[in-house]
Amino acid sequence: MPSSSPLTISGRGLSSRGPLQTLHAPARSLYVHVPFCFHKCHYCDFYSFVDTQDRQGLFVDRLVSELRALAPHARPARDGGLDTVFVGGGTPSLLAVPLWERLLQEFHGVFALAPGAEFTVECNPETVTPELMQTLVRGGVTRVSMGAQSFESRHLKTLERWHDPQSVERALGIARDAGIARRSVDLIFGVPEQTPAEWRGDLTRALGLLGGQALEHISCYALTYEPNTAMTRRLELGDFEPMDEDVEAQMYRDTLAILRDAGLERYEVSNFARPGAECQHNLAYWRQDQWLAAGPSGSAHVGGQRWKNIPRLTDWMEGVEASGGYSPIVDFEGVDLSRAVRELVMTTVRLAEGMPVARVMSALDDAARDRLNAAAVPLESRGWLTRAPGAWRLTDEGFLFADGVAAELMSAIAG
Ligand code: SF4
């Protein structure tokens, strides 16, 4: 099938056989969702559940079918191939090694990777073995993202995160020795009863892993209480107090200072990297590029349209099988230029590179442009935003209010 073949959304799912709806440029990014986890962490609202191992094989069978159906919509080898692949979850490193071997072999049978492409796999430190890492390297994986969250056992316990803090360094060492050149860890701050000193200790420990050579990228997320999570229920029951906002803001300021000192710059609200080590896949999201998605609950953005795969594993597997590989989808949103420009503002304001002014303004009429400019004035006066001709950027203080700034600007555009 030619790479410019139409992508069509039908009631049953994503199909290239139905009536033509949208022409799109081939996607350069692919997200794959693996829903299995060792245990459900109490703060987590991702689609994931405890792995009983009995459905991994069938899951990979269906995933392979879905990848084959998606492949014609990805940039082919002759045009450069995929720039980024991200396998997230869930805990992809829980997949058995022979299944990883099969998945990667099938992946390379239908997709091409661009030279220097970034291929990330999310890992739980307890599940990392030399055998797994060597398999990933042979399959073209270049980057791992390790869920560390905290180096304090009592905070891991609060989060119901079941790993030994010592296992993070061991896992990163295995990844390095296997030849995974790019390594990241995720940390969480604002955990109930966490002190600023403990958080600074977490950052220092992360930076010192493997003698300071372990990491080039750290993601630091403020704990959020998502609806319908165990953590939120415990908060409502009064099991603990949420973090004081001023203390949490200070933790964020400390994060910036400590990581900058170590040569890791903030390139997005929660993401810090050595120059050149930014996660290209996540940048593709924030810049509102196009990406394909496979696996239950995976979300895609292609040709100005968005959709999500059915989340429930059984439904997704049945849907993929029934349609011969095409993604069973929910929450389809068609092309909507007004929504697209608001989303562009929402995600690019979070980036250190800032909101691309010309791209945003070119999508607006005169009245909306005036409203947007007017909304930026008080944000600039408060010292939260700077307006250069190429991009509007948050200041260090403005990053503390990124969501509020984005909301103000989006609401100005909506009128
Ligand atoms: S390991 Fe990650 S995806 Fe799995 S339950 Fe914990 S936070 Fe959620």
Side-chain angles (χ1 to χ4, degrees), residues 37-46 48 89 91 93-94 122-128 144-176 183-226 229-235 237-262 264 266 269-273 400:
C37 281
F38 169 66
H39 167 75
K40 188 71 186 177
C41 306
H42 275 196
Y43 58 94
C44 175
D45 76 334
F46 296 118
S48 65
T91 306
S93 55
L94 262 185
E122 284 186 333
C123 298
N124 175 320
E126 298 279 6
T127 60
V128 170
V144 289
S145 173
M146 204 73 70
Q149 318 314 349
S150 174
F151 292 100
E152 298 282 342
S153 296
R154 72 186 183 106
H155 299 318
L156 288 173
K157 192 159 179 279
T158 303
L159 298 167
E160 282 283 322
R161 197 69 213 208
W162 289 9
H163 67 259
D164 173 357
Q166 311 291 338
S167 66
V168 176
E169 185 161 39
R170 184 192 60 86
L172 287 164
I174 292 172
R176 176 199 59 190
R183 300 172 294 268
S184 175
V185 298
D186 288 356
L187 295 173
I188 294 182
F189 64 99
V191 180
E193 297 184 14
Q194 185 183 36
T195 65
E198 284 174 328
W199 171 241
R200 290 193 297 272
D202 275 349
L203 292 167
T204 309
R205 289 217 23 208
L207 290 168
L209 291 168
L210 301 180
Q213 301 303 308
L215 300 176
E216 53 170 19
H217 187 286
I218 301 185
S219 302
C220 299
Y221 300 105
L223 178 66
T224 49
Y225 293 90
E226 303 293 347
T229 59
M231 201 81 189
T232 301
R233 279 195 292 283
R234 286 165 59 197
L235 179 73
L237 288 170
D239 276 9
F240 43 69
E241 294 286 315
M243 177 67 61
D244 177 88
E245 278 183 17
D246 291 339
V247 176
E248 193 171 293
Q250 188 54 46
M251 288 176 162
Y252 186 69
R253 290 189 188 99
D254 289 348
T255 308
L256 184 63
I258 291 170
L259 296 185
R260 258 189 196 157
D261 257 7
L264 276 74
R266 172 180 51 203
V269 174
S270 306
N271 286 278
F272 301 78
L400 286 166

Donor-acceptor pair, side chain of R234 and main chain of T158, under 3.5 angstrom: yes
How long is the gap from CG on L235 to CD on E241, to the nearest 0.5 Å? 8.0 Å
Residues R154 and E198 bridged, charged N to O under 4.0 Å: yes
L223 vs M243, test: side-chain contact (heavy atoms from CB on, under 4.5 Å). Steps then yes/no. CA-CA 9 Å; L223 178 66; M243 177 67 61; over 6 Å; no
Considering non-hydrogen atoms only, spot the tightest contact between V128 and C123 and give its length. CG2-CB, 3.9 Å
On a heavy-atom basis, which atom in R170 and which in P125 lie closest, and how many Å separate them? NH2-O, 3.1 Å
Give a yes or no answer on whether the side chain of E126 reaches the backbone of D164 with a donor-acceptor pair at less than 3.5 Å. yes
Residues which pass side chain to side chain donor-acceptor pair (under 3.5 Å) with T229, listed by chain and number, not counting sequence neighbours: T232
Taking all heavy atoms of Y225 and all of P242, pick out the closest pair and write down the distance. OH-CA, 4.1 Å
Stepwise side-chain contact (heavy atoms from CB on, under 4.5 Å) check, T255 with F272: CA-CA 9 Å; T255 308; F272 301 78; 3.8 Å; yes
To the closest 0.5 Å, what do you measure between CD1 (I258) and CG (L203)? 5.0 Å
Return the CG to OH distance between L187 and Y221, rounded to the nearest 0.5 Å. 10.0 Å
Spacing of CG belonging to L172 relative to OG belonging to S184, to within rounding of 0.5 Å: 9.0 Å
Could you check R176 against R183 for side-chain contact (heavy atoms from CB on, under 4.5 Å), going step by step and ending with a plain yes or no? CA-CA 8 Å; R176 176 199 59 190; R183 300 172 294 268; 3.4 Å; yes
Hey, mind stepping through F240 and M231 against side-chain contact (heavy atoms from CB on, under 4.5 Å) and telling me if it holds? CA-CA 10 Å; F240 43 69; M231 201 81 189; 3.7 Å; yes
Distance-minimising heavy-atom pair for D254 and P196: OD2-CB, 4.5 Å
Is any side-chain heavy atom of S48 closer than 4.5 Å to one of T91? no
Distance-only side-chain donor-acceptor flag, D202 / S150, under 3.5 Å: yes
I'd like to check Q194 versus I188 (side-chain heavy atoms, cut-off strictly below 4.5 Å). Are they in contact? no
Applying the side chain to side chain contact (heavy atoms under 4.5 Å, CB included) test to H217, which of V185, L264, N271 qualifies? N271
Interatomic distance, CZ@R205 vs CZ@F151, rounded to 0.5 Å, equals 6.0 Å
Partner set under side chain to side chain donor-acceptor pair (under 3.5 Å) for R161, not counting sequence neighbours: Y43
Below 30° counts as parallel, above 60° as perpendicular, anything between as tilted: where do the rings of W162 and H39 land? parallel
Where is the tightest heavy-atom contact between A206 and L215, given as atom of each residue plus distance? O-CD1, 3.4 Å
Just checking K40: does its NZ atom have more than 12 heavy atoms from other residues, nucleotides or ligands closer to it than 6.0 angstrom? yes
Side-chain donor or acceptor of R260 paired with backbone N/O of R266 under 3.5 Å: no
With a 4.5 Å limit on heavy-atom distance, are the side chains of V144 and S93 in contact? no
Note: Q149 and G147 closest approach over all heavy atoms is NE2-CA, 3.6 Å
Quick one: do the Q250 and D246 side chains pair a donor with an acceptor below 3.5 Å? no
When you look at CD of Q213, are more than 12 heavy atoms from neighbouring residues, nucleotides or ligands closer to it than 6.0 Å? no
Please answer whether the main-chain N or O of G89 pairs with a side-chain N or O of E122 as donor and acceptor at a distance below 3.5 Å. yes
Working to the nearest 0.5 Å, report the span between CG of L400 and OH of Y252. 7.0 Å
Side-chain heavy-atom pair L159, V191 within 4.5 angstrom cut-off: yes
